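All heavy atoms count here, side chains included; hydrogens, waters and symmetry mates do not. Keep in mind the model is a prediction, meaning the values are calculated, not measured.
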Amino acid sequence: MRPIRRVWITRAEPGAARTAARLAALGFEPLVQPLLAIRPLAPVAPDLTGTAALAFTSRNGVEAFAALSEARALPVFTVGDATAAAASAAGFASVRSAAGALEDLARLLAAAAPGPVLAPGALEPAGDLAALLAGRVEVRALPVYQAVATGAGAPAAFDAVLVHSPRAGRALAALGPFAGQSAAAISEAAAAPLRSVSGLEIRVAARPDEAALLEALGKPAPRV
C-alpha cells in the first residue's frame, strides 16, 4: 500500500473546491481535475401543486431547485447531513436528514412524509427513490440538473483518487488501467465500476458521506 499525499478530486465543481479545502486542512495535496461537470436543467419554475414535501439526495439538487423556485415553506427531507445543511442555507425552514444512504431516506419518508413527495435531482439518478417507496409514499422525480463528462484525463502523478458517485466511478474506470494507486469510494455503488480495473487498490468509506470518505485515505504521507 503506497503512502498517500497527492489526492485527485474527480467530483464536479463547486463541490471539488470544498473537498480540496478539506484535504489541504488534513495535510494532503489536493489535485482538482473533475471528471464531471454539473449542468442545470428546467429553466422554468416547477409545478408544486399537490406536493406535500421535498426530498433531496445531493447538494446539487438543492442548489438547482433553489435557483428555479422561491418556494421554501415545504418540509424537506435529505439523504445526508451535508445536503441538509445546503437546504438550510438555501432558506428551507423545516429540514430533516436521514444521515445515511438512499435506503435510509426512503425509511425516513415512509415514516414521516406528510403526503406526496417531489424529488428534484439528477437527470440520471444513482438510485430509484420512487421504487423504494412504491405503495407507501408517492414520489415524483424532477430532473433539475445533469452530470456530464468533462473529458479530462488523470493527473500526471497522484497517489489516490476520490470517487463521490457511481457516475464518477464509471468515468474513472474508462481511464484505466492504473499503476498501483488507491481509489477511495463513497459507497459500494461508487466502487462497483472500478472492481474490474487493474492497478487500483479500492477502499470504501464506512459511511456514505465525505467525512468517512476522507477517513478512508488514512493519514497523509510525510513531505519529502
Side-chain angles (χ1 to χ4, degrees), residues 1-13 15-16 18-20 22-23 26 28-38 57-61 79-80 82-83 98-107 121-132 145-221:
M1 187 181 300
R2 71 162 65 189
I4 294 174
R5 168 158 291 281
R6 299 161 298 182
V7 181
W8 175 18
I9 301 167
T10 62
R11 71 183 304 195
E13 293 286 12
R18 293 191 294 265
T19 300
R22 297 184 72 176
L23 282 170
L26 292 171
F28 293 98
E29 179 185 336
L31 305 172
V32 178
Q33 200 154 313
L35 293 179
L36 302 174
I38 300 302
T57 58
S58 71
R59 295 179 66 131
N60 293 324
V79 70
T83 306
L102 192 67
E103 292 77 10
D104 300 298
L105 176 57
R107 282 190 286 270
L123 181 64
E124 299 178 22
D128 191 342
L129 184 61
L132 290 173
Y145 75 91
Q146 66 178 142
V148 299
T150 63
F158 67 98
D159 304 312
V161 55
L162 297 180
V163 185
H164 280 79
S165 68
R167 181 72 185 273
R170 293 193 295 272
L172 179 63
L175 299 178
F178 295 94
Q181 295 95 339
S182 297
I186 202 165
S187 65
E188 286 289 351
L194 304 173
R195 295 294 185 187
S196 60
V197 179
S198 64
L200 281 179
E201 182 249 326
I202 300 172
R203 309 178 185 189
V204 179
R207 305 177 307 279
D209 58 55
E210 189 169 82
L213 179 63
L214 300 189
E215 288 171 4
L217 294 173
K219 294 183 178 180

Side chains of Leu162 and Leu214: does their closest heavy-atom pair fall under 4.5 Å? yes
Would you call Phe28 and Asp159 a side-chain contact if the rule is heavy atoms closer than 4.5 Å? no
To the nearest 0.5 Å, tell me how far Arg22 CZ sits from Glu210 CD. 4.5 Å
Write down the atom of Ser58, the atom of Tyr145, and the distance for their closest heavy-atom approach. OG-OH, 3.2 Å
Side chain to side chain contact (heavy atoms under 4.5 Å, CB included) partners of Ala189, counting only residues at least two apart: Pro166, Ser187
Inspect the contact between Arg203 and Glu215 and indicate whether a charged nitrogen and a carboxylate oxygen are less than 4.0 angstrom apart. no
Leu105 to Thr57 - nearest heavy-atom pair and separation: CD2-CG2, 3.9 Å
Considering non-hydrogen atoms only, spot the tightest contact between Val32 and Glu13 and give its length. CG1-OE2, 3.6 Å
Run the side chain to side chain contact (heavy atoms under 4.5 Å, CB included) test against Ala179 and tell me which residues pass, sequence neighbours left out. Gln181
So, taking the atom named CG in Leu102 and the one named CZ in Arg107, what distance separates them when rounded to the nearest 0.5 Å? 10.0 Å
Partners passing salt bridge (charged side-chain N to carboxylate O under 4.0 Å, His left out) against Glu103 (at least two apart in sequence or in another chain): none
Test of understanding: with side chain to side chain contact (heavy atoms under 4.5 Å, CB included), list the residues that count as partners of Ala168, not counting sequence neighbours. Thr10, Leu36, Val163, Ser165
Sequence neighbours excluded, the answer for side chain to side chain contact (heavy atoms under 4.5 Å, CB included) partners of Arg18 is Arg11, Pro14, Arg59, Glu63
Side chains of Val197 and Leu172: closer than 4.5 Å at any heavy-atom pair? no
Value rounded to 0.5 Å, distance of CZ in Arg5 from CG in Leu23: 11.0 Å
Identify the heavy atoms of Ile38 and Ala12 that sit nearest to each other, and give their distance. CG1-CB, 3.6 Å
Please report the closest heavy-atom contact between Ala183 and Leu194, naming both atoms and the distance. CB-CD1, 4.1 Å
When rounded to the nearest 0.5 Å, the distance separating CD1 of Ile9 from NE2 of His164 is 7.5 Å
Please name the pair of heavy atoms, one in Ala16 and one in Pro34, separated by the smallest distance, quoted to 0.1 Å. CB-CG, 4.4 Å
CA sep, side-chain torsions, deciding dist, call: Leu26, Leu217, side chain to side chain contact (heavy atoms under 4.5 Å, CB included): CA-CA 10 Å; Leu26 292 171; Leu217 294 173; over 6 Å; no
Quick one: ring pair (Phe, Tyr, Trp, His ring centres under 6.0 Å) partners of Phe158, sequence neighbours excluded? Trp8
With side chain to side chain contact (heavy atoms under 4.5 Å, CB included) as the test, would you mind laying out the steps for Leu35 and Leu175 before giving the verdict? CA-CA 10 Å; Leu35 293 179; Leu175 299 178; 3.8 Å; yes
